[in-house]
Protein chains: 2
Amino acid sequence: MIGEIHNVKIGQLYESRRLAHEAGVHRPLQAGICGTKKTGAESIVVSGGYKDDEDYGNVIIYTGHGGQDGSRNQVSDQTLDDPGNAALVTSHLEGLPVRVIRGAHSGSVYAPTGGYRYDGLYRVTSYGSKLGIDGFLIWQFRLEAYDDTPPPEAVQQELPESSELLPAPVSEQPPTGTEAPERVTTSVQRIVRSTAVTRQVKSWYDGACQICATTVQLPGGNYSEGAHIQALGGPHNGPDITGNVLCLCPTCHVMFDGGAIILLDDLTIVRHGERAGRLHTHPTHVIDVACVAKHRERWRQ
Amino acid sequence: MIGEIHNVKIGQLYESRRLAHEAGVHRPLQAGICGTKKTGAESIVVSGGYKDDEDYGNVIIYTGHGGQDGSRNQVSDQTLDDPGNAALVTSHLEGLPVRVIRGAHSGSVYAPTGGYRYDGLYRVTSYGSKLGIDGFLIWQFRLEAYDDTPPPEAVQQELPESSELLPAPVSEQPPTGTEAPERVTTSVQRIVRSTAVTRQVKSWYDGACQICATTVQLPGGNYSEGAHIQALGGPHNGPDITGNVLCLCPTCHVMFDGGAIILLDDLTIVRHGERAGRLHTHPTHVIDVACVAKHRERWRQ
């Protein structure tokens, strides 16, 4: 059951995991991630169980599963072999929506004061690994609310005493746009973002990929993409500067963002673990080696 | 000057093209498209000059420039060599925002009753050619309002008599999202959409591209994209059925969507005008040849 659950509205509160389970909103009673590598993640619970989590309302930096002892301390490395983590990777690669449920906890102003609240659909827009607060490797997933998912308010909500399923609190829905039957509403697998800086870098290469040297020629002009080496936004927080941007063909861009291609400090290309020549660079384009190192770290290399 | 003009708000009215010119909103006094192939299109005026235009408010099917006689009849084919049309292609390939100005005309319920109105930023999400109402080739561009561009209301507005620059009418701005400093706001070069149907098709190929046979292997799994042969949404209006979807690598997807690759009815691949083998197909996957023909028509082949 990927996507919305029939008759469950955003803002719906549940007193317990069991009630959320019975509603079909988050089926496991304990696991924070519901899903498999094959199907993607149906839903996650954000409830303060991982100290590296960050909650910005419509953006969540969500730590993957595993590696904790009974006291919620990280005592070993997390891996992508964990079924929950693998499920979130599939959600990212396939562009599948994930239901987000926030549980009461003190670590987020967006959490309910009690119980569990269904907060709508989010996309996994990037992921990567880093050393967590406790010094072990963690995998983190950046989730962004869909544009038509109203972000939760940073206010405290009272959980009513009744354990019955409750009507959703009044939440401001965006305009439904009945005037635009033409708009194609589908979920998104991939978004290539464009900034003044990416356009500057691309102008130096006239569409030629810095990794594979391919030029994607279209009737209207050459096509290339600006790829941030250290990704923008949390948890990566790369800078939007020309030294942090590459001009790539679409396929090398996906491989670079997905960790199948990394760069060494001398700009040697490593593809699937094997050296594959050196990055093509324009004389004006000075690559920021610190960003290159951050990209490698993200992919544990 | 790509993007917003300082101090010009959405909904701003101008009594004449000259006043819009002086405000910097749309600089040419006659041409409907402002821009060049190199820079992309700054702005367009939608004012009913082309009978094939369609206006859905937050989606506009905009006919390119050229081929008309003095009476607004199409008397010859349009081409992408026209600087305005080439500018809109660049806006599409680079993901650049285009200012939309609607002029008074009877063909759209979203047009002002007099003068010209700045309606905010739109993206060029696809383009292609077709035979227009008058029987000549036209190029059409699909423009979609950015998610934070409020769509114009389908109501009539009075143009005040004064020719001074006027304060913007009250328009509902979306929430500014001050709670989410984390959200990365950039323009979008490319969006890969995902539907249940594209996921079904992709499942048959396990990530292998039907055109070049490449499998993009990532640490988290294989990556491929579902490509609609006849694009979804106007002006293409392709169906979301498995017979209209291909499983492609990102680069072949861009080339197919951009007209650098087309298919013949026997599923021979034609890349840059040269035959390049036959499309790989799974036994379960029956390609809809009518959609293949529509895709060829879009690229004049």
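So you know, we letter chains A, B, ... as the sequences are listed, proteins then strands, and number each from 1.
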Region of Asn222(B) that comes under 4.5 Å of a non-hydrogen atom in chain A: backbone
Chain A contact via Val192(B) - side chain, backbone, both or neither, heavy atoms under 4.5 Å: both
Proximal component of [X], with respect to chain B [non-hydrogen, under 4.5 Å]:
{"X": "Lys38(A)", "value": "neither"}
{"X": "Val216(A)", "value": "side chain"}
{"X": "Ile261(A)", "value": "neither"}

Backbone of Ser224(B) reached by a side-chain donor or acceptor of Gln189(A) within 3.5 Å: yes
Sidechain-backbone polar pair: His272(B) side chain, Gln217(A) backbone, donor-acceptor under 3.5 Å: yes
For chain B, find which of [options] contributes the most heavy-atom pairs closer than 4.5 angstrom.
{"options": "Leu80(A), Leu96(A), Thr90(A)", "value": "Leu96(A)"}
{"options": "Val254(A), Ile191(A), Val89(A)", "value": "Val254(A)"}
{"options": "Ala86(A), Ser203(A), Gly3(A), Pro219(A)", "value": "Pro219(A)"}

Heavy-atom check, side chain of Leu93(A) versus side chain of Leu218(B), under 4.5 Å: yes
Leading residue by heavy atom contact count with chain A [cutoff under 4.5 Å; candidates Gly259(B), Ala196(B), Gly226(B), Cys252(B)]: Gly259(B)
Pairing residues for Ser194(B) by the side-chain hydrogen bond (donor to acceptor under 3.5 Å, both in side chains) criterion, not counting sequence neighbours: Arg199(B)
Distance (rounded to the nearest 0.5 Å) between Tyr223(B) OH and Met255(A) CE: 13.0 Å
Inter-residue atom distance Glu94(A).CD - Glu225(B).CD, 0.5 Å rounding: 10.0 Å
More than 12 heavy atoms from other groups under 6.0 Å of CD on Gln200(A): yes
